[in-house]
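Down below is the structure, laid out as structure tokens.
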Amino acid sequence: IGTSRKVTFDLTPTRRDVQILGADNLRPTKRMDPLMVLLMGRRGRGKTLGMTCLADLQRRRWEHFKLPFEIVSNYWMEPAHRVDPKLVESLNKFPDWGRNLYICLDEIGGQLANRRSLAAINVDFIQFLTQIRKRHNELITTTQFPQWIDMAVLYQIDFFCRMDIFNGNRSIEVY
């Protein structure tokens with residue numbers, strides 16, 4: 001993902017130079033409009049890889065534009081500023097560091113299952129999700145089975161993306 005390159009296309013009848021910009025060239029807007037994204041698919045379909053790539057893209061954008069955002073994750077990834085296997089529980093306490101974040105949660109269904117919808121962890125995290133705009137946070141998460149996730153969490157999700165890996169595990173299609 002991502003470096004801008006100058007590419008020349010033959011746009012008949014005349015030739016023109018066209019510059020292709022990648023997502024890391026796009027300046028984030030000043031108005032925070034956070035998104036929640038759910039990446040879903042069976043084992044080995046590129047969910048975690050895709051989430052890690054998106055986190056790295058966001059990190060590079062923020063560094064390029066000198067914005068004070070950080071990546072946090074519940075699994076080890078190189079772009080993360082903070083890795084915490086109990087990230088959901090940590091965020092439920094509304095910590096001071098819990099602002100200006102790109103939150104990556106791998107396999108959220110195991111942490112926020114619908115069979116525990118009244119459990120404190122679910123109730124507290126749903127409260128956290130409703131506050132993400134005020135705290136300047138975005139969330140991306142993965143699951144194999146979205147039907148296992150607490151319904152109140154599913155209501156907060158903006159994009160449901162099905163992942164499929166191909167080309168010798170070098171490419172991911174997102175539906």
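Numbers for residues simply follow the sequence, beginning at 1.
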Quick check for you: to the nearest 0.5 Å, what is the distance between Glu138 atom CD and Asn100 atom CG? 11.0 Å
Is it true that a side-chain atom of Asp84 and a backbone atom of Lys86 form a donor plus acceptor pair closer than 3.5 Å? yes
Keeping Arg45 on the side-chain end and Ile165 on the backbone end, is there a donor-acceptor pair under 3.5 Å? yes
Does the Ser171 side chain pair with the main chain of Asn167, one donor and one acceptor, at a distance under 3.5 Å? no
Any donor-acceptor N/O pair, His81 side chain to Ile71 backbone, under 3.5 Å: yes
Please confirm whether the backbone N or O of Met36 pairs with a side-chain atom of Asp158, one donor and one acceptor, at under 3.5 Å? yes
Any chance CZ of Phe145 has more than 12 other-residue heavy atoms, nucleotides or ligands included, within less than 6.0 Å? yes
Go through the steps to decide whether Phe94 and Gln131 satisfy the test side chain to side chain contact (heavy atoms under 4.5 Å, CB included), and finish with yes or no. CA-CA 10 Å; Phe94 288 86; Gln131 300 284 323; 4.1 Å; yes
Got a donor-acceptor contact below 3.5 angstrom from the Arg99 side chain to the Asn137 backbone? no
For Thr52 versus Met77, what's the shortest heavy-atom pair and its separation? CG2-CB, 4.0 Å
Do Arg43 and Gln144 have side chains that approach each other closer than 4.5 Å (heavy atoms only, starting at C-beta)? yes
Backbone N or O of Gly41 within a donor-acceptor pair of the Lys47 side chain at under 3.5 Å? yes
How about Tyr102 and Phe69: are their ring centroids closer than 6.0 Å? no
